[in-house]
2 protein chains.
Amino acid sequence: MRLSTKGRYAVTAMLDLAIHHAEGPVTLAEISESQGISLSYLEQLFARLRKHELVVGLRGPGGGYRLSRRPQDISVAEVITAIGEGIDATQCEGKENCQEGERCLTHVLWTRLGNEIYEFLNGITLASFIERDNVNQVIRRQQQGLDVMAPGLNKTVA
Amino acid sequence: MRLSTKGRYAVTAMLDLAIHHAEGPVTLAEISESQGISLSYLEQLFARLRKHELVVGLRGPGGGYRLSRRPQDISVAEVITAIGEGIDATQCEGKENCQEGERCLTHVLWTRLGNEIYEFLNGITLASFIERDNVNQVIRRQQQGLDVMAPGLNKTVA
DNA sequence: CTAATAACCTAGTAAAATACTCAGGTACTA
DNA sequence: TAGTACCTGAGTATTTTACTAGGTTATTAG
C-alpha cells in the first residue's frame with residue numbers, strides 16, 4: 001500500500017468532482033486552477049482514473065469529467081490504488097525460497113498491515129469526507145450518529 | 001502522511017528487533033542478511049530511529065541494536081514518522097491566500113485524512129503485530145479477546 | 001457546417017526521493 | 001590493543017514524481 005503526494009493529488013481532484021457532482025461535468029482546466037495542479041499532469045492521472053472506471057470523460061464544449069458512480073460509492077482506497085497501480089505485496093510471496101522462514105514472516109506481517117490500511121481507507125468515501133465538513137456548517141441542530149454514510153443523496157446517476 | 005517502501009523497510013527491521021527482543025541486541029548485519037536490506041542503508045535508517053529514541057545502539061563485540069522501549073509501547077506510526085520526517089500537512093495551511101476557499105477546503109479535508117491514518121497506525125504496536133501471528137500458532141486453545149495488547153511481557157527494560 | 005472546446009494521447013525532462021556504495025572514523029570489549 | 005560493530009558523510013544509480021510540449025480525436029455551440 002503506497003500512499004504519497006501523488007495519491008493526494010488524485011483524491012483532491014476527485015473531491016473537487018464530488019463537490020460539484022450535482023452541477024454536471026467539471027473540466028480539468030477548472031480543477032487545475034482551483035487546486036493548483038498542472039493540467040497535463042491531471043490528464044495523466046485522470047487517464048488512470050478513467051481506466052479504472054472511476055470517472056467518465058465527456059468531450060467537446062460543455063464537457064469535462066464526471067464521477068462514474070455516486071460520491072458515496074467511491075472510496076479513497078479505490079482512488080489511490082487506481083493511481084498507484086494497486087498494492088505491491090512484497091516481492092518474496094511465491095517466487096523466492098524464503099530461507100529461514102524469518103523473511104516470509106515479516107513479509108506476511110507487512111502484507112497484513114497493508115490490507116488493514118486498505119480496509120480503513122476503503123471505509124472512507126468521497127461523500128462521507130465532504131459531508132463531515134458541510135454538515136457541521138449547514139446542519140448543526142440535527143443529532144448525528146457515528147455512521148459515515150451521507151444521508152440525503154439518493155439521486156441516481158445516469 | 002507519507003507511506004512508502006522506505007517506511008516498510010524500517011517497520012520490517014523494527015519487527016525483527018521486536019521478535020528477538022528477549023535475546024539481547026541484534027546486529028544490523030543480521031537484519032541485513034535475514035531481511036535482504038543493504039547494510040549501509042540500514043545504518044542510515046537506524047541513525048534516524050536512534051535520534052527519535054526508538055532504538056538504542058550498543059557498540060563492541062556482542063553489541064547491536066535494541067528497542068529503547070517495550071514492543072507494545074512502540075507504534076507503527078512512530079516508526080514511519082521517525083523515518084519520513086513526520087507528516088507534511090500540505091503547503092497552503094497558513095502561507096498562501098487560499099483564493100476561493102475551495103483550495104483550503106480540500107487541504108483541510110486531506111489533513112484530516114492524514115491524521116486519521118496516523119491515529120490508525122498509532123494504534124498498531126510492534127507487539128500486537130507479532131502477537132497476532134505467533135499466538136495463532138502457539139496458543140490456540142486459549143480464548144482471545146479483541147485486545148491487541150501482548151499478554152505475557154512485563155519484563156522491564158533497563 | 002465549422003470552429004471552438006475539451007478530452008485524449010505520446011514523448012520527453014527536471015527535480016526529488018529512494019536505495020545503495022564507498023571510505024573512513026569512533027567507541028567499546030575481550 | 002586488536003577486533004567488532006556502531007557511526008558518519010559524501011557520492012551515485014535508479015526510480016518516482018511532477019511537469020512540459022505538441023499533437024489528435026470527438027463533440028457541440030453557434
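In what follows, chains carry the letters A, B, and so on, assigned in the order in which the sequence lines appear, proteins first and then strands, with residues in each chain numbered from 1. Given the structure is predicted, the values throughout are model-derived calculations rather than measurements.
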May I ask you to test the Tyr65(A)-Val55(A) pair for a side-chain heavy-atom distance under 4.5 Å? yes

Terminal contacting nucleotides, 5' and 3', DNA chain D versus chain B (heavy atom, 4.0 Å): dG3(D) to dA10(D)

Length of the CZ-C1' vector between Arg50(A) and dA6(C), whole Å: 13 Å

I'd like to check Ser34(B) versus Asp16(B) (side-chain heavy atoms, cut-off strictly below 4.5 Å). Are they in contact? yes

Hydrophobic cluster membership, with links at side-chain heavy-atom distances under 4.5 Å among I/L/V/M/F/W/Y: are Ile83(A) and Val56(A) in one? no

To the nearest angstrom, the CG-P distance between Leu39(B) and dC22(C) comes to 12 Å

Reading DNA chain D from 5' onward, which residue's closest nucleotide shows up sooner: Pro61(B) or Leu58(A)? Pro61(B)

Would you mind reading off the distance between Arg66(A) atom CZ and dC8(C) atom P, rounded to a whole angstrom? 12 Å

Between Arg66(A) and Leu17(A), is any pair of side-chain heavy atoms under 4.5 Å apart? no

Write down the atom of Gln35(B), the atom of Thr12(B), and the distance for their closest heavy-atom approach. OE1-CG2, 3.4 Å

Glu43(A) atom CD is separated from dA7(C) atom P, nearest whole Å, by 7 Å

Below 4.5 Å, heavy atoms only, C-beta onward: do Thr125(B) and Asp73(B) meet side chain to side chain? no

So, OP1 or OP2 of dA6(C): does either fall under 4.0 Å of a side-chain N or O from Tyr65(A)? no

Using a 4.0 Å heavy-atom cut-off, does Phe46(A) contact any base of the nucleic acid, only the sugar-phosphate backbone, or nothing at all? nothing

Take nucleotides 14-20 of chain C nucleotide by nucleotide from the 5' end and write B, S or -, depending on whether a protein heavy atom sits under 4.0 Å from the base, only from the sugar-phosphate, or from neither. ----SBB

Answer yes when Glu78(B) and Arg69(B) have at least one side-chain N-carboxylate O distance shorter than 4.0 Å, and no when they do not. yes

Hey, which sits more toward the 5' end of DNA chain C by its nearest nucleotide, Gly60(B) or Gly57(A)? Gly57(A)

Can you hop from Leu58(B) to Leu39(B) via hydrophobic side chains spaced under 4.5 Å? no

Relative to the ring of Tyr41(A), is the ring of Tyr9(A) parallel (under 30°), tilted (30 to 60°) or perpendicular (over 60°)? perpendicular

